[in-house]
Amino acid sequence: MVIHALLAASLAFTSLPAQTAADCSRVKCLALTFDDGPGAHTPALLKTFQKAGAKATFFLVGKRVEERPGGARQIVKRGHAIGNHTYSHASLPSHLDDEILEELKVTQEAIEQATGVRPTMFRPPYGHTDERVLGLADEVGLAEILWTGTTLDWQLRDAKKIKAAVLKLAKRDGVILMHDVVPQTVKVMPAILKELKKQGYHLVTVPTLLRGKGPVAGVSYF
């Protein structure tokens with residue numbers, strides 16, 4: 001069953017440093033998410049979030065985890081949530097079942113080997129998904145995480161425009177899609193975090209945002 005709405009669900013990664021609990025039923029929460037890493041600019045982004053006392057969610061590409069295992073490890077060490085973003089950034093619906101399972105499984109193994117954490121979330125590249133993809137993800141124990149708004153930062157490549165896009169998309173219980181491999185996004189993030197906090201947002205991981213017992217494998221969120 002596909003559910004494109006916030007469910008009362010949350011996930012605790014026991015291997016991750018604990019995030020100061022935010023009760024998103026009581027306070028204004030927002031989840032900032034980053035796809036396609038880890039990349040060359042990910043360490044700088046992690047420093048920005050650490051300085052701001054904020055958390056994020058990173059959907060990692062398996063091939064890049066193999067290239068930069070230390071980057072993936074630092075994401076986990078800093079207390080952020082991680083998810084599977086396939087091995088080669090493939091558009092999953094165009095692939096055969098075995099190919100989709102391979103994309104997900106190899107990435108699961110790469111992330112676990114690098115970080116000690118096995119993801120329970122995945123994000124389909126380009127947002128390309130269907131019931132078949134969701135069912136196969138269920139076999140791998142993965143919940144699908146989409147978004148409430150995307151900055152298109154990979155296309156904008158302009159710090160001021162990216163900041164404006166984030167502030168326009170920001171809303172309570174929102175999930176905003178960005179990319180830690182876009183240098184302009186990383187560069188403008190200190191200003192973005194400062195403004196969002198000024199507006200009263202608690203910047204949390206997707207699992208924190210999803211309050212309760214999830215994310216549930218085979219379910220699509222947002």
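The chain is numbered in sequence order, starting from 1.
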K.L.:
What residues form a ring-ring contact (aromatic ring centres under 6.0 Å, His included) with F49, not counting sequence neighbours?
P.N.:
F34, H80
K.L.:
Could you pull out the closest heavy-atom pair between G174 and L209, with the gap in Å?
P.N.:
O-CD2, 3.7 Å
K.L.:
Are any side-chain N or O atoms of D153 and backbone N or O atoms of H179, one a donor and one an acceptor, separated by less than 3.5 Å?
P.N.:
yes
K.L.:
Once side-chain contact (heavy atoms from CB on, under 4.5 Å) is applied, do any residues pair with S94, and if so which ones, sequence neighbours excluded?
P.N.:
S91
K.L.:
Work out which heavy atom in R132 is nearest to a heavy atom in P93; give both atom names and the distance.
P.N.:
NH2-O, 2.9 Å
K.L.:
Apply side-chain contact (heavy atoms from CB on, under 4.5 Å) to residues I82 and V117 and explain how you reach the verdict.
P.N.:
CA-CA 8 Å; I82 55 174; V117 174; 4.0 Å; yes
K.L.:
Partners of R123 by salt bridge (Lys or Arg N to Asp or Glu O under 4.0 Å), sequence neighbours excluded?
P.N.:
D35
K.L.:
With the side chain counted from C-beta on, respond yes when M121 and T57 share a heavy-atom pair under 4.5 Å apart, and no when they do not.
P.N.:
yes
K.L.:
List the steps, then state whether side-chain contact (heavy atoms from CB on, under 4.5 Å) holds for F122 with I145.
P.N.:
CA-CA 6 Å; F122 89 105; I145 306 295; over 6 Å; no
K.L.:
Name every donor-acceptor pair, under 3.5 Å, that has one atom in a side chain of residues 154-170 and the other anywhere in the protein, sequence neighbours excluded.
P.N.:
unit_1: R157; atom_1: NE; unit_2: W154; atom_2: O; d: 2.9
unit_1: D158; atom_1: OD1; unit_2: K160; atom_2: N; d: 3.1
unit_1: D158; atom_1: OD1; unit_2: K161; atom_2: N; d: 2.9

K.L.:
Can you find a pair of side-chain heavy atoms, one from V133 and one from I100, that are under 4.5 Å apart?
P.N.:
yes
K.L.:
Before giving the answer on side-chain contact (heavy atoms from CB on, under 4.5 Å), spell out for F58 and D180 the whole-Å C-alpha distance, their side-chain angles and the decisive distance to 0.1 Å.
P.N.:
CA-CA 8 Å; F58 292 80; D180 49 321; 3.9 Å; yes
K.L.:
Got a sec, which pairs hit disulfide bond (SG atoms under 2.5 Å apart) with one end in residues 26-110, sequence neighbours left out?
P.N.:
C24-C29
K.L.:
Taking C-beta and beyond as the side chain, do Y221 and V216 meet within less than 4.5 Å on heavy atoms?
P.N.:
yes
K.L.:
CD of Q184 to CE of M189: how many Å apart, nearest 0.5 Å?
P.N.:
11.5 Å
K.L.:
Between R68 and P38, what is the shortest heavy-atom contact and its length?
P.N.:
CD-O, 3.4 Å
K.L.:
Going by side-chain heavy atoms closer than 4.5 Å, which hydrophobic residues are tied to V61, directly or by a chain of links?
P.N.:
none
K.L.:
In terms of hydrophobic clusters joined by side-chain contacts under 4.5 Å, are Y201 and L45 together?
P.N.:
yes
K.L.:
What residues form a ring-ring contact (aromatic ring centres under 6.0 Å, His included) with H128, not counting sequence neighbours?
P.N.:
Y126
K.L.:
Run the salt bridge (Lys or Arg N to Asp or Glu O under 4.0 Å) test against E195 and tell me which residues pass, sequence neighbours left out.
P.N.:
none
K.L.:
Between H85 and D36, is the side-chain hydrogen bond (donor to acceptor under 3.5 Å, both in side chains) condition met? List the steps.
P.N.:
CA-CA 7 Å; H85 199 44; D36 294 2; 3.1 Å; yes
K.L.:
Under the rule for side-chain contact (heavy atoms from CB on, under 4.5 Å), what residues qualify as partners of E67, not counting sequence neighbours?
P.N.:
K63, R64
K.L.:
How close do T205 and G79 get, counting heavy atoms only, and between which atoms?
P.N.:
CG2-O, 4.4 Å
K.L.:
Side-chain polar contacts of residues 135-142 - donor-acceptor pairs under 3.5 angstrom, sequence neighbours left out - could you list them?
P.N.:
none

K.L.:
Kindly state each residue pair satisfying salt bridge (Lys or Arg N to Asp or Glu O under 4.0 Å) with at least one member in residues 80-90, sequence neighbours excluded.
P.N.:
none
K.L.:
If only atom types and distance count, is the side chain of K55 paired as donor or acceptor with the main-chain N or O of R78 below 3.5 Å?
P.N.:
yes
K.L.:
T115 side chain to V76 main-chain N or O, any donor-acceptor pair under 3.5 Å?
P.N.:
no
K.L.:
Considering all heavy atoms of both residues, which atom of P190 and which atom of V186 are nearest to each other, and what is their separation?
P.N.:
CD-O, 3.7 Å
K.L.:
I'd like to know if the side chain of T33 and the backbone of I176 have a donor-acceptor N/O pair within less than 3.5 Å.
P.N.:
yes
K.L.:
Could you pull out the closest heavy-atom pair between R26 and R172, with the gap in Å?
P.N.:
C-NH2, 3.5 Å
K.L.:
With the side chain counted from C-beta on, respond yes when L30 and V204 share a heavy-atom pair under 4.5 Å apart, and no when they do not.
P.N.:
no
K.L.:
Could you tell me whether a side-chain N or O of T185 sits under 3.5 Å from a main-chain N or O of V181, the two making a donor and an acceptor?
P.N.:
no
K.L.:
Is there a side-chain contact between L32 and L196, using heavy atoms and a 4.5 Å cut-off?
P.N.:
yes
K.L.:
Sequence neighbours excluded and cut-off under 3.5 Å, please list the side-chain donor-acceptor pairs for residues 103-111, or say none.
P.N.:
unit_1: E103; atom_1: OE1; unit_2: Y87; atom_2: N; d: 2.8
unit_1: E103; atom_1: OE1; unit_2: S88; atom_2: N; d: 2.9
unit_1: E103; atom_1: OE1; unit_2: S88; atom_2: OG; d: 3.4
unit_1: E103; atom_1: OE2; unit_2: S88; atom_2: OG; d: 2.6
unit_1: T107; atom_1: OG1; unit_2: T86; atom_2: O; d: 3.3
unit_1: T107; atom_1: OG1; unit_2: Y87; atom_2: N; d: 2.8
unit_1: T107; atom_1: OG1; unit_2: E103; atom_2: O; d: 2.7
unit_1: Q108; atom_1: OE1; unit_2: N84; atom_2: ND2; d: 3.1
unit_1: Q108; atom_1: NE2; unit_2: P119; atom_2: O; d: 3.0

